[in-house]
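So that the names make sense, note that chain A is the first sequence line, chain B the second, and so on, each numbered from 1. This one's a predicted model, so the numbers in the text were calculated from it and none came from an experiment.
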There are 2 protein chains.
Amino acid sequence: MTSRQFSVTVDLAVLTVADDTLKVLVVRRGVPPFRGRWALPGGFVLAREDLMDAARRELVEETGVPLRSVHLEQLGSYGSPGRDPRGRVVTVAHLALLPDLPEPVAGSDAAGAEWRPVEDLLSATRRLAFDHGTILADAVERARSKLEYAPLAAAFCPPEFTIAELRRVYEVVWGTELDPRNFHRKVTGTPGFVEPTGESTRRGGGRPARLYRAGDATLLHPAMLRAPHPVR
Amino acid sequence: MTSRQFSVTVDLAVLTVADDTLKVLVVRRGVPPFRGRWALPGGFVLAREDLMDAARRELVEETGVPLRSVHLEQLGSYGSPGRDPRGRVVTVAHLALLPDLPEPVAGSDAAGAEWRPVEDLLSATRRLAFDHGTILADAVERARSKLEYAPLAAAFCPPEFTIAELRRVYEVVWGTELDPRNFHRKVTGTPGFVEPTGESTRRGGGRPARLYRAGDATLLHPAMLRAPHPVR
DNA sequence: GGCATTACTGTCAATATGACGACAAAGGAG
DNA sequence: CTCCTTTGTCGTCATATTGACAGTAATGCC
């Protein structure tokens, strides 16, 4: 039982909804292994750094977004012996949700970073480096299921948003259509989901919509259930 | 950025329901640090071992149970710089659920292992070693919430069980009482939750109860919701 | 047989959901 | 300004699910 030493990294699945599409932030690898392939942003955990701090640091380095407006949670760890040809590396993957930021990705390391549709990257062809395809798939599944029981969709929206904008998030992430009227009833009727600001906006084409901000609930009750899966 | 090397361990929160109590398997530490304190079982990940394999190996070493009858899933990783005074150790915690085994904990390493009520170990006094109190709290919360939407309660039961036994699991884990009639309706009415075996038993005092085994569903729909939290 | 005990079935009201009609409030075309 | 299009919001109704609880069934024990 010699080599008990591992490298530990954090990787980030940073998701956003833009152009009615679920997108993920990826970077082009400039060095082997997997040179030229897309990968999730990430890096080594520093000697005296907590895992979540490392994830926050990487997130800021890669996106330049203020942490205030980001949802960040640990997703899970991936440590197959063969996942990195250079040696034994365990990565602690994190899931980050961002609003569609007007400013394009800025920041030092973010030179090669790019928003890409999740769908493209999960296809059999456009494979991500390492096991990042698996991580991304797990991240998307986590986001999808967590929208059901947590008021998480607001993390994809600016601080103030309309019910319709919130609905678009659900529709894009779940890949389904939702009835605007029932959705409105559900969202405004679930305690702590959203709070009206009193303001309204006319961002869209028709009648101005009232603005809301995220409520203080951490759990939705009752949950906002997706239609039962195809079966099973 | 010198020392990028970490030790990586797996720790196990092994839960079971026995004597109408939620219990966890703990070992008494024989060496510093935290000598004499209770800790979750766990150990180092071997050089060529996957994380889940390491967890399975530790589980068998500590409990001697056949893996067949165990639910095992990754819980999350804990890596605060100060969590282990001996150096930088990241642990990948796992959650295991077992039926109440007739045979007491057997196996090589299991000498000092013991089932203890979760409640006792989460109290401010009887502190666990390292950050294992936090891990245990997270594990219990995961188990509680997962009972809602996954047919996981069966993992606490023997291969064949009665509806009442399944209900006891929910009641003990959630710390609530459930209406037997509504519970019965819900469980038998949710597709894939349980399958009748045709047999019946008279384990209890009164009328014999039909036996069921776990169904093939992986997700309950609709979910079995707990009463809304105290409030929000 | 009578009683205690546990298992199971059925009913009814309250609540939540899906489907969809209808009206409100803006902008734009003419 | 009026009509029309586009969105937002409220209301209604049938159906599904849940909570509360009455009532019947099948044992063991005395």
Side-chain angles (χ1 to χ4, degrees), chain A residues 20 147-149 151 153 157 160-172 174 176-213 217 219-229 231, chain B residues 20 147-149 157 160-171 174 176-212 217 219-229 231:
Chain A
D20 285 352
L147 281 193
E148 292 192 304
Y149 58 89
C157 297
E160 303 199 339
F161 50 86
T162 68
I163 302 290
E165 287 164 356
L166 196 67
R167 178 166 47 84
R168 289 309 295 155
V169 169
Y170 275 91
E171 293 181 332
V172 167
W174 283 353
T176 59
E177 297 231 320
L178 297 173
D179 183 285
R181 297 157 292 191
N182 292 338
F183 183 85
H184 190 280
R185 176 181 60 188
K186 176 73 179 173
V187 168
T188 55
T190 301
F193 198 164
V194 296
E195 308 284 352
T197 66
E199 309 284 301
S200 59
T201 182
R202 94 213 69 174
R203 264 173 231 165
R207 166 177 171 178
R210 290 183 220 161
L211 285 172
Y212 295 81
R213 70 177 128 261
L219 229 47
L220 301 183
H221 188 88
M224 167 109 76
L225 294 175
R226 296 181 260 190
H229 286 226
V231 127
Chain B
D20 284 353
L147 282 192
E148 292 192 305
Y149 57 89
C157 297
E160 303 199 339
F161 50 86
T162 68
I163 301 290
E165 286 165 356
L166 195 67
R167 178 166 47 83
R168 289 310 293 155
V169 170
Y170 275 90
E171 293 181 331
W174 283 353
T176 59
E177 295 233 319
L178 297 173
D179 184 288
R181 297 157 293 189
N182 292 339
F183 183 85
H184 191 281
R185 176 180 62 190
K186 176 71 178 172
V187 169
T188 54
T190 301
F193 197 165
V194 296
E195 309 283 353
T197 66
E199 308 285 303
S200 59
T201 180
R202 96 213 66 173
R203 265 174 231 165
R207 169 177 169 178
R210 289 183 221 162
L211 285 171
Y212 294 80
L219 230 48
L220 300 183
H221 191 90
M224 169 110 83
L225 294 176
R226 293 181 264 189
H229 286 223
V231 127

Q: Report the distance from atom CG of A:L225 to atom OH of B:Y149, rounding to the nearest 0.5 Å.
A: 12.5 Å

Q. For the atom pair CZ (A:R226) and CG (A:L147), what is the distance rounded to the nearest 0.5 Å?
A. 8.0 Å

Q: Assign a letter to each nucleotide of nucleotides 19-30 of chain C from its 5' end: B, base within under 4.0 Å of a protein heavy atom; S, sugar-phosphate only; -, no contact.
A: BBB--BBS----

Whole angstroms only, please: what is the [atom1]-[atom2] distance between [X] and [N]?
X	N	atom1	atom2	value
A:Y170	C:dT17	OH	P	12 Å
A:M224	C:dG18	CE	P	10 Å
B:R168	C:dT6	CZ	P	11 Å

Q | Contacts of A:Y170 that satisfy ring pair (Phe, Tyr, Trp, His ring centres under 6.0 Å) - sequence neighbours left out | A | A:W174, A:F183

Q. What is the 5' to 3' range of DNA chain D, first to last nucleotide, that sits under 4.0 Å from any heavy atom of chain A?
A. D:dT6 to D:dT12

If the condition is side chain to side chain donor-acceptor pair (under 3.5 Å), which residues does [X] pass it with, not counting sequence neighbours?
X	result
B:R210	none
A:R181	A:D179
B:R185	B:N182

Q: Tell me, please, which residues at least two apart from A:R213 pass side-chain contact (heavy atoms from CB on, under 4.5 Å).
A: A:E160, A:E195, A:T197

Q) Mind checking what makes side-chain contact (heavy atoms from CB on, under 4.5 Å) contact with A:T162, not counting sequence neighbours? A) A:A164, A:E165, A:T201, A:A209, A:L211

Q. So which one's nearest nucleotide on DNA chain D is more toward 5', A:I163 or B:A223?
A. A:I163

Q: Select from A:Y212 and B:K186 the residue whose nearest nucleotide in DNA chain D is closer to the 5' end of that strand.
A: A:Y212

